[in-house]
Amino acid sequence: MDSQSLISFFKEVPLFSHLDNEELEQLSQICSEKKFEKGQTIFYEEDMGTGFYLIMSGQVKIVMLSSDGREHILGLLRENDFFGEMSILDGQPRSATAIALSDIKTMTINREDFTKLLRSNPDMAIKIMFVLCKRLRQADRNVESLAFLSAPGRVARTIMQLADEQGIKDLEKIIINHKMTRQEFASIAGTSRETLTRVLMDFKDEGILDLSSKHQIILVDKKLLKEKIV
Ligand code: CMP
């Protein structure tokens, strides 16, 4: 992408929206575009943090892997989301593994340039802190779910969260388009794949969900789903 197209793109990214034209021009000089194919690992947990990534298109999952290869999904990230900031900020190795869920395009900034950028842009540092707070709140909620909720409760809360974050309203219904496999969905909800399938079928039979398309969950009865979060 040429410098002008990159600047036009940056103007639409909330993280950079306060930067003026000169700063956007400087940003376009220090970043580089990187593409990854669906399923490709962007970096592994414990790697040294060499760069910060902003997703220009596609989806990324942030996971922790057990020694026998099972994965636990910490977060799903989309266009305009960023990742890889933690190890740059605290100098520790990568806290988790990042994997492309679809073909993705990212823009990356190396460690030194990113640190310099933050030092000269307090507004940007505050925006990053804002996102870190949001992720910490989410992580706290996940711990609470695992500690206190039943399996149906965990699935219900995960669907509610997906609906709130990325659902599209369609009259009384909420449509959630996603690219997750059942295994990935189960991992986010903190259940086994078998339990997830059973709970989804129960919710479908009770008229809470419509699951007729593969990459879509339609939330039909939000009130009833909320009552399942116990
Ligand atoms: P870093 O530790 O450099 O590499 C892994 C990245 O995953 C981390 O930076 C964050 O950007 C991101 N990350 C870690 N934990 C979460 C989480 N709970 N939700 C979303 N993203 C996360």
Side-chain angles (χ1 to χ4, degrees), residues 13-16 27 30-32 34 36 38-67 69-102 104-119 121 124-147 149 154 157-166 176 178-180 183-191:
V13 176
L15 184 61
F16 302 138
L27 182 63
I30 58 170
C31 72
S32 57
K34 270 194 193 160
F36 298 89
K38 179 178 175 176
Q40 205 178 338
T41 299
I42 299 158
F43 55 68
Y44 288 94
E45 182 179 346
E46 296 300 330
D47 283 354
M48 284 317 292
T50 49
F52 164 92
Y53 293 81
L54 177 91
I55 304 173
M56 298 172 81
S57 64
Q59 286 191 18
V60 169
K61 63 178 174 180
I62 304 292
V63 303
M64 282 185 152
L65 299 168
S66 66
S67 50
R70 281 173 300 137
E71 73 173 33
H72 177 68
I73 299 183
L74 298 174
L76 294 175
L77 306 178
R78 289 172 293 154
E79 187 173 319
N80 284 347
D81 285 336
F82 60 80
F83 59 97
E85 77 295 339
M86 283 171 61
S87 54
I88 292 189
L89 291 170
D90 68 7
Q92 298 288 311
R94 295 290 191 197
S95 59
T97 297
I99 300 173
L101 263 186
S102 59
I104 61 162
K105 202 151 82 169
T106 66
M107 173 234 105
T108 141
I109 307 176
N110 76 34
R111 179 189 196 104
E112 293 72 32
D113 287 335
F114 181 70
T115 314
K116 253 192 246 163
L117 192 65
L118 281 188
R119 287 221 164 87
N121 282 286
M124 191 172 149
I126 288 171
K127 282 184 183 172
I128 289 192
M129 282 160 70
F130 184 85
V131 173
L132 294 182
C133 291
K134 194 168 160 219
R135 288 181 186 166
L136 181 57
R137 281 178 189 276
Q138 185 55 51
D140 289 348
R141 262 201 303 276
N142 289 346
V143 171
E144 185 197 25
S145 289
L146 289 173
L149 295 184
R154 296 206 288 273
R157 181 178 265 183
T158 304
I159 296 171
M160 196 64 92
Q161 186 193 323
L162 289 169
D164 290 342
E165 283 178 1
Q166 47 181 289
I176 302 161
H178 68 88
K179 293 202 162 62
M180 293 176 290
Q183 184 59 57
E184 285 164 344
F185 191 171
S187 159
I188 296 172
T191 68

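When a ligand or atom number is given, it counts from 1 through the structure's own listing order.
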Do the non-hydrogen side-chain atoms of [X] and [Y] ever get within less than 4.5 Å of each other?
X: Asp113; Y: Leu117; result: no
X: Phe83; Y: Ile55; result: yes
X: Val131; Y: Leu15; result: no
X: Glu184; Y: His178; result: no

Within reach of ligand 1, part of [X] (heavy-atom separation under 4.0 Å):
X: Arg135; value: side chain
X: Phe43; value: side chain
X: Ile62; value: side chain

Should you measure from each heavy atom of [X], which atoms of ligand 1 turn up under 4.0 Å away?
X: Ser87; value: 1 (P), 2 (O), 3 (O)
X: Ala96; value: 5 (C)
X: Phe83; value: 11 (O)

- Query: Under 3.5 Å, side chain of Arg154 to main-chain N/O of Leu149, donor-acceptor pair present?
  - Reply: yes
Heavy atom of the protein closest to [atom] (residue, atom name, distance):
atom: atom 10 (C) of ligand 1; answer: Glu85 OE2, 3.5 Å
atom: atom 2 (O) of ligand 1; answer: Ser95 OG, 2.7 Å
atom: atom 15 (N) of ligand 1; answer: Leu74 CD1, 3.9 Å

- Query: Do the charged groups of Arg78 and Glu165 touch, with an N to O distance under 4.0 Å?
  - Reply: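 Glu165 and Arg78: not salt-bridged.
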- Message: For Gln138 and Arg135: C-alpha separation, side-chain torsions, deciding distance, then whether side-chain hydrogen bond (donor to acceptor under 3.5 Å, both in side chains) applies.
- Response: CA-CA 5 Å; Gln138 185 55 51; Arg135 288 181 186 166; over 6 Å; no
- Message: Checking the N or O distance criterion of under 3.5 Å, is ligand 1 in contact with Gly84?
- Response: yes
